[in-house]
Amino acid sequence: MTTERTRIERYDPAAIEPRWQQRWEELGLYRTDLFDTTRPPFYLLTMYDYPSGNLHVGHWYVKTPTDAVGRYRRMRGNNVFFPVGFDSFGLPAENAAIKNRIHPADWTWRNIETMRRQLRSMGASFDWNAEVVTCDPAYYRWNQWLFLRFLEAGLAYRATSPVDWCPNDGTLAREQVEGVDRHCWRCGAKVEKRDLAQWYLRITKYADELLDFGGIEWPEPIRIMQTNWIGRSEGAEVVFRSAPDTHLEGGDEIRVFTTRPDTLFGATFMVLAPEHPLVERLTSPGQRPVVEAYVAQARRETEIERLNTERDKTGVPLGADAVNPVNGERIPIWIADYVLSGYGTGAIMAVPGHDERDFAFARQFGLEIREVIRPVATFGDEQPLESAYVFKTADDVLVNSGRYNGMAAPEAIRAVTAGLEARGEGKAAVSYRLRDWLVSRQRYWGTPIPVVYCDDCGIVPLADADLPVLLPATVDYAGSGENPLAHDEAFLRTTCPRCGGPARRETDTMDTFMDSSWYWFRYLSPGKDSEPVDRALVDRWTPVAQYTGGAEHAVMHLLYSRFFTKAMADCGLVGEREPFKRLFNQGQVLGADGERMSKSRGNVEDPDALVAQYGADTVRLFLMFMGPWDQGGPWSPSGIGGVARFLNRAWTLALDPHGTEPGDATAGQLPPGEDAAAAGKAIRAAAHRTLEAVTADYEGFRFNTMVAKLMELVNLLFRYRGTEVAGDPAWDEAMRLLLLMLAPAAPHVTEELWARRLAAAGAQWTSIHRESWPEVDAAAAAVATRELPVQVNGKVRDRVEVAVGLSDAEVEALVLARPKVVAALAGKAPDRIIHAGGGRLVNIVVRG
RNA sequence: GCCGAGGUGGCGGAACGGCAGACGCGGCGGACUUAAACUCCGCUGCCCGCAAGGGCGUCAGGGUUCGAAUCCCUGCCUCGGCACCA
């Protein structure tokens, strides 16, 4: 016994997919001709990966919809460039090296090999010719070259300051320290502070420019995060002076930054950070022991303890006073760890009446709290302040502030600043939260920083001709996590490029975020060995038209990349000042437990088994179908069968339009009351309406509804399978559109079915991925009648099938005659009739 | 504490201020099969009702509107970011 369905060839992705992947590769289908000017360029970039050695579901979640976008853009006529590469320097390679006594390079390259294979199984249209691997000297020598340019331009410098120190990763940039508990972004270890001489990049020079997102289309939340991270505050710098005292001559300038110069009369004490350079000088002999003890304690404490806002405020007085420039008052100077050395000037004027932190401190130590700003509404009802009053609207006016009394706060901010400026005691100033980017890392597996230390000449940058500074091939970890370069004499010993005398190499390597800050430029000319970037190609192809990746890099990679582009532009290397024209942040796929996927949690999901069972096309489609792409969510493969069924049904429609299912009682019959002509119309209308909607969904990255609409079309065609219209021109047109619409998302099965169509028609084979995106036939998409919902007082009471294009009066006549409407009106006359949304709905309003 | 994104059936999720729950999973019923799996067809928000039908429904409470999941206000909850930044 055979049934209809067992006769057709089964959809077997395992047989189809590798075959087409190989064919595409042989044909070089996705090799982009960067010099082709006949089509508009479209640079499609997705964040490159760290070669951890295994591709998990998260990688698929980012890459396969991005690939669909690329394929869609190709069909729309763009010359699409979609490269891949590996962000291959970094700590995990070293950890593996220490643990397994294997060279980080071997470990890394082996992983890259595995991941290349896994990436190919996606069937994505990557241009492998452009591959970049950052741990390759052919790449990292240009990190060094760029570093030298930045050094020349004053954008790189070395400085000693307290830095964030992770026991595993060594120093960290500020962006790389996360959470209340101050842990390392990568390994999660608690971070401490150390005083070290380190290399920095001057990102703060671009603070204002980085706040300007003009000309780029980035998601609002990312722009807000970057804006907050940069943290621009406008205010004034005010000069206080130390007051003469028995131990002090007085007159030392103590500069403070404040956003509230209008509260200057309320400054009743000053606070310096414990690290402030004037602490030593200002401290009175009597206070010296307690001050020194406090400074030592602050130094010892971790940042976690210092930054804990729940904790009671601590601090000690220096035993010296300062003079308030506006009123000549002497106010005591304290040190306290709530004042940070790294922000503003590292010193504040404390206005306890109008700053919550100063208020808490004043309460703690019994210092004077003076009210200098008061809402107009409370005049005549003066109460002592219960908490700091921080507002500064036009209804908040100055009191106890000499000649500024009665002035509104916003105006007073300007007036007080102008007054200070006139007397040389201050000026308008801007302060930023953003710090310069600390790029030194005490690690082996990174780009060596190309400078040497000469006893005679000091810090000497290498000449371009001396690049690259190669990592030594042998690496001895000596069983510890310490930087092996620091005790590798063969590496260390060198000669000074300036005087020829003995010198020692810098042993710090660069933060791996340096690598990822310009890699997309290198994709355009990965083999070029005379320059880091090919200016002509960069000018034609950048900024990147569309970038995709996770939002977790909002203030790291995505900010550094913007900085690098601007810095490179200022060095004359590139023309554009923004790297990525459009950015889309897809959501994160979490483990089944709802937590972030990680090896340590053991909740990492590999798609391999699913790919083996269902094929890459089904996995791709399922990931797109799960939900909105920017949402992500916990991983659950429970719905994948539905997507697999959908592709199977499409397969069946394509190969066996005339077949029927024995289990279907109505199989082979047109819907009741429909003839062949009507059925053909309905099929064409559905196909073209689907095309219209699917096109909009691809444009808007709404892949979940895109898939849903294709499912609807397949469901509809399935109802006509085996009927007299199956296989006729309308049906065939719908099938053609279906395959074209599905091609970007499910490239293998559509290629297979397309090839069979062409073969059946006796036509020569061409790839479906070289086809153009079809045009909507508006006439075909139009429908003659529609179901009109009828509301009475906003509640749906009836639905009427009406011809499209009736006048309002005709619709009203029709609708008011309906028994259900009559019943709902209960004899009352309509008060108003609203025809909403161009005839989409009627609402009859009755009163009483 | 501040900033951002959310809260819709048993589940993932649809819905230009206009038919809430598209599409899929799961569930129920049926067909096909010796049987099962596969496949196909139908039903499936909750409550009342034999039915026709009716009522209630988008975190909670208010408001705007002929009409609110959608806009506004208040509150609660979840997730992400920042966190003594003067």
Side-chain angles (χ1 to χ4, degrees), chain A residues 1 3-6 178-180 219-222 224-225 227-229 231 233 235 256-260 263 271 306-311 313 336-340 342-351 355-358 360-361 431-435 551-552 554-555 587-588 590 594 622 625-628 630-634 636-643 645-646 648-649 652 660-667 702 704-705 707-712 715 718-719 721 787-796 798-799 820 831-838 840-846:
Chain A
M1 273 294 281
T3 64
E4 292 284 337
R5 117 182 127 252
T6 54
E178 298 180 335
V180 212
E220 175 91 12
I222 297 285
I224 290 172
M225 269 193 251
T227 301
N228 292 342
W229 187 262
S233 297
V256 303
F257 174 76
T258 177
T259 55
R260 296 295 302 275
T263 65
V271 187
R306 284 189 56 167
L307 294 185
N308 180 2
T309 51
E310 306 295 306
R311 192 182 72 158
K313 296 258 182 300
D337 61 10
Y338 81 91
V339 174
L340 309 174
Y343 182 79
T345 61
I348 61 158
M349 62 177 210
V351 184
D355 180 281
E356 283 166 24
R357 296 149 302 182
D358 297 344
F361 193 83
S431 192
Y432 300 91
R433 225 184 70 114
L434 184 70
R435 310 290 164 81
E552 66 273 19
V555 293
Q588 208 166 35
L590 305 172
F622 175 60
F625 184 59
M626 272 172 40
D630 58 3
Q631 197 172 291
S636 161
S638 68
I640 194 168
V643 174
R645 256 189 293 283
F646 159 66
N648 266 296
R649 283 158 74 85
T652 303
T660 52
E661 299 302 318
D664 181 1
T666 60
R702 293 182 295 269
N704 58 327
T705 52
V707 175
K709 282 157 194 162
L710 292 178
M711 285 175 167
E712 285 185 77
N715 290 346
F718 228 86
R719 284 200 284 279
R721 178 170 171 248
E787 196 184 58
L788 178 74
V790 185
Q791 296 182 336
V792 175
N793 286 340
K795 277 193 199 304
V796 178
D798 199 7
R799 293 167 219 277
K820 285 184 185 174
D831 190 57
R832 259 175 89 182
I833 298 180
I834 288 154
H835 298 264
R840 254 207 318 267
L841 172 145
V842 168
N843 187 15
I844 304 166
V845 185
V846 283

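Here the structure is a predicted model, which means the values were calculated and not measured. Here is how names work: the chains are called A, B, and so on, in the same order as the sequence lines, proteins then strands, and each is numbered from 1. Quick note: numbers below take in every heavy atom, side chains included, and nothing from hydrogens, waters or symmetry partners.
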Syn or anti for B:rG9 (syn when the glycosidic angle lies within 90° of 0):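 Base orientation: syn.
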Roughly how many Å is it from [atom1] in [X] to [atom2] in [N], rounded to a whole number?
| X | N | atom1 | atom2 | answer |
| --- | --- | --- | --- | --- |
| A:Glu661 | B:rC40 | CD | P | 6 Å |
| A:Phe361 | B:rA86 | CZ | P | 18 Å |
| A:Lys313 | B:rC84 | NZ | C1' | 5 Å |
| A:Trp229 | B:rC2 | CH2 | C1' | 15 Å |

Of the nucleotides [options], which has the atom closest to the [X] side chain?
| X | options | answer |
| --- | --- | --- |
| A:Arg799 | B:rC19, B:rG53, B:rC84 | B:rC19 |
| A:Pro628 | B:rC3, B:rA86, B:rG13 | B:rG13 |
| A:Ala708 | B:rC66, B:rA22, B:rG24 | B:rA22 |
| A:Val796 | B:rC40, B:rA20, B:rC32 | B:rA20 |
| A:Arg645 | B:rC23, B:rU39, B:rC82 | B:rU39 |
| A:Arg649 | B:rG18, B:rC41, B:rA15 | B:rC41 |
| A:Pro221 | B:rA14, B:rG4, B:rA86 | B:rG4 |
| A:Val339 | B:rC66, B:rA86, B:rC84 | B:rA86 |
| A:Ile834 | B:rC3, B:rC41, B:rG18 | B:rG18 |
| A:Asn715 | B:rA14, B:rC40, B:rC23 | B:rC23 |

Pairwise [atom1] distance, [M] and [N] [rounded to whole Å]:
| N | M | atom1 | result |
| --- | --- | --- | --- |
| B:rA5 | B:rG55 | C1' | 36 Å |
| B:rG61 | B:rC56 | P | 14 Å |
| B:rA20 | B:rC38 | P | 36 Å |
| B:rG45 | B:rC40 | P | 22 Å |
| B:rC72 | B:rG7 | P | 14 Å |
| B:rG12 | B:rG6 | C1' | 15 Å |
| B:rC11 | B:rG26 | P | 15 Å |
| B:rG57 | B:rG62 | P | 11 Å |

Complement of [N], any strand, by Watson-Crick or G-U distances under 3.5 angstrom:
| N | value |
| --- | --- |
| B:rG17 | none |
| B:rU34 | none |
| B:rC46 | B:rG55 |
| B:rC79 | B:rG4 |
| B:rC71 | B:rG63 |
| B:rC84 | none |
| B:rC25 | B:rG10 |

Only counting residues at least two apart or in another chain, list the ones meeting salt bridge (Lys or Arg N to Asp or Glu O under 4.0 Å) with A:Arg702.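 With sequence neighbours excluded, A:Arg702 shows a salt bridge (Lys or Arg N to Asp or Glu O under 4.0 Å) to A:Asp697, given in chain and number order.
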Look at all strands and tell whether [X] reaches a base, only sugar-phosphate, or nothing, counting heavy atoms closer than 4.0 Å.
| X | result |
| --- | --- |
| A:Ile348 | base |
| A:Ser233 | sugar-phosphate |
| A:Asn648 | nothing |
| A:Phe718 | sugar-phosphate |

Name the orientation class of the two ring planes belonging to A:Tyr338 and A:Phe361 (parallel below 30°, tilted from 30 to 60°, perpendicular beyond 60°).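 Aromatic pair A:Tyr338/A:Phe361 classed tilted.
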5'-most by nearest nucleotide on RNA chain B - A:Gly633 or A:Asn228: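 Counting from the 5' end, the first nearest nucleotide belongs to A:Asn228.
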Report the residue (A:Arg719 or A:Lys795) whose heavy-atom-nearest nucleotide on RNA chain B is the more 5′ of the two.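 The answer here is A:Arg719.
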Could you tell me whether the side chain of A:Asn843 and the main chain of A:Gly794 form a donor-acceptor pair under 3.5 Å?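 Side chain of A:Asn843 to backbone of A:Gly794: a pair is present.
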Is there a donor-acceptor contact under 3.5 Å from the side chain of A:Asn793 to the main chain of A:Val846?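 Present.
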Side-chain H-bond candidate by donor/acceptor type, A:Arg649 with A:Asn715, under 3.5 Å: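 There is such a pair between these side chains.
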Nearest heavy-atom neighbours spanning A:Arg260 and A:Thr258: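 So the minimum-distance heavy-atom pair works out to N-OG1, 2.8 Å.
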Check the phosphate of [N] against [X], side-chain N and O only, distance under 4.0 Å to OP1 or OP2. Yes or no?
| X | N | result |
| --- | --- | --- |
| A:Arg433 | B:rA86 | no |
| A:Ser636 | B:rC25 | no |
| A:Gln631 | B:rG6 | no |

Answer yes or no for A:Arg721 and A:Phe718: cation-pi contact, defined as NZ/CZ to six-membered ring centre under 6.0 Å and angle to ring axis within 45°.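 Positive - A:Arg721 is close enough to the ring of A:Phe718 and near enough to its axis.
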Can you tell me if A:Glu356 has over 12 outside heavy atoms packed within less than 6.0 Å of its CD?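 Check fails, neighbour count at 12 or below.
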